[in-house]
Student: 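Take a look at the following structure, please.
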There are 2 protein chains.
Amino acid sequence: MSIDSEAADATARALLDIVPLVMRAIRAEMRSNRKAELSVPQFRVLSYVHRRGSTSLSDIAEHMGLTLPSMSSMVDALVGRRFLDRRPDSLDRRRVAIALTDGGQEAWAAAHNATRDSLIRRLRGLGPEKRAELEAALATLRRLFSEEGDGSSAEGGTHVNP
Amino acid sequence: MSIDSEAADATARALLDIVPLVMRAIRAEMRSNRKAELSVPQFRVLSYVHRRGSTSLSDIAEHMGLTLPSMSSMVDALVGRRFLDRRPDSLDRRRVAIALTDGGQEAWAAAHNATRDSLIRRLRGLGPEKRAELEAALATLRRLFSEEGDGSSAEGGTHVNP
DNA sequence: TATTGTTATACTCTATAACTATA
DNA sequence: TATAGTTATAGAGTATAACAATA
């Protein structure tokens with residue numbers, strides 16, 4: 001164990017305090033953006049489709065970690081707002097092909113830019129060292145939280161739950 | 001401006017990527033805890049009441065940044081589950097006095113411990129330097145995101161909403 | 001039979017509007 | 001009149017269960 005329990009405990013508490021704080025700021029910015037007005041999950045869907053070009057409902061659900069019905073209703077709303085185009089896939093007709101419309105592309109870009117700008121405003125006070133430290137820490141978090149499960153792999157696992 | 005735009009941009013993107021990722025892990029842990037099974041907002045309410053001992057609906061709403069009706073319904077649900085006790089305040093009878101029940105105290109502790117443990121499991125692989133770096137970065141984020149507004153001081157501020 | 005998706009239903013989180021009770 | 005809270009209503013986000021269509 002390369003990190004003693006007490007220190008890990010303090011860091012865990014800090015995460016539990018601060019991550020929701022930052023999340024709230026991001027959410028508030030997304031929702032107050034007159035141009036786009038997207039929720040965070042909606043923004044993530046548009047980001048994913050933007051990155052993939054065209055994709056299926058199952059792919060999006062998988063990426064978001066949501067059930068198919070949940071995704072279906074979210075996509076429904078985004079299709080209703082003309083941000084997404086949904087049509088039967090010609091190769092496998094069980095599937096739907098989902099893509100950004102031009103309006104969806106614009107909405108995504110507007111939300112992305114507004115949120116990024118708002119974060120940049122917050123970050124502006126930071127010196128280069130602090131900024132680098134923050135970025136390194138974010139990379140660490142990405143590594144720790146990208147892995148599936150919660151460390152269920154081995155040692156600690158007395159209470160992972162059935 | 002002590003931080004150049006491009007670097008800030010990269011950091012902003014990283015925040016936008018990674019904070020939701022960590023948030024999802026926290027949320028999943030809260031919701032999968034058989035002992036308590038709390039949403040993140042519910043957990044935050046219990047945490048606040050735990051810290052305050054006894055408080056009013058307005059105080060909680062203020063702390064959470066929610067409207068009174070929203071808080072009223074959340075508290076309603078937590079009273080229904082016997083996690084909170086709600087009674088008229090004897091001094092000012094417009095107010096309600098809200099406190100943790102014993103069950104609420106247990107639920108809070110169970111959720112808190114389970115979530116902290118799950119975070120600790122993730123953090124365990126970290127060396128002391130990486131851990132210190134992460135903790136410093138979290139302190140930075142706390143500072144940047146505890147301040148009200150989003151730097152609304154200047155350019156952006158046209159859209160605070162009616 | 002297995003996969004992809006939708007519909008029906010329900011619960012939580014959040015808001016606004018309209019209201020009651022107390023100060 | 002102003003403050004504290006509740007009720008009614010609505011929409012987003014999520015889930016499970018039941019179903020339809022295609023492979």
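A, B, ... follow the sequence lines: proteins, then strands. Residue 1 opens every chain.
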Student: Expressed as a whole number of angstroms, how long is the span from A:Arg81:CZ to D:dA12:P?
Tutor: 8 Å
Student: Check the distance between D:dG11's P and A:Leu38's CG and give it to me in whole angstrom.
Tutor: 18 Å
Student: Base, sugar-phosphate alone, or nothing: which one does A:Met74 contact when heavy atoms must sit under 4.0 Å apart?
Tutor: sugar-phosphate
Student: Work out which heavy atom in A:Arg122 is nearest to a heavy atom in B:Leu144; give both atom names and the distance.
Tutor: NH1-O, 2.9 Å
Student: How many angstroms lie between OG in A:Ser146 and CD1 in B:Ile18, if you round to the nearest 0.5 Å?
Tutor: 7.5 Å
Student: How far does CZ of B:Phe83 sit from CG of B:Leu46, to the nearest 0.5 angstrom?
Tutor: 7.5 Å
Student: With rounding to the nearest 0.5 Å, note down the distance linking CG in A:Asp117 to CG in B:Asp9.
Tutor: 8.5 Å
Student: Choosing from D:dA15, C:dT14, D:dT7, which nucleotide comes nearest the side chain of B:Ser70?
Tutor: C:dT14
Student: Would you check if the side chain of B:Ser118 reaches a backbone N or O of B:Ala114 as a donor-acceptor pair within less than 3.5 Å?
Tutor: no
Student: Go through residues 82-109 of chain A and report each residue with a non-hydrogen atom lying under 4.0 Å from DNA chain C, sorted by number.
Tutor: A:Arg86, A:Arg94, A:Arg95, A:Val96
Student: Is it the case that more than 12 heavy atoms not belonging to B:Glu62 sit under 6.0 Å from its CD atom?
Tutor: no
Student: Check DNA chain D against residues 41-67 of chain B and give the residues with a non-hydrogen atom under 4.0 Å, in numerical order.
Tutor: B:Ser56, B:Leu57, B:Ser58
Student: Name the one of B:Asp102, B:Thr101, B:Val49 that satisfies side chain to side chain contact (heavy atoms under 4.5 Å, CB included) with B:Asp85?
Tutor: B:Thr101
Student: Specify the separation, in whole Å, of atom CG of A:Leu68 and atom C1' of C:dT7.
Tutor: 13 Å
Student: Can you tell me how far the CG atom of B:Leu141 sits from the CG atom of B:Leu15, to the nearest 0.5 Å?
Tutor: 6.0 Å
Student: Figure out the CE/C1' separation between A:Met71 and C:dT4, and round it to whole Å.
Tutor: 14 Å
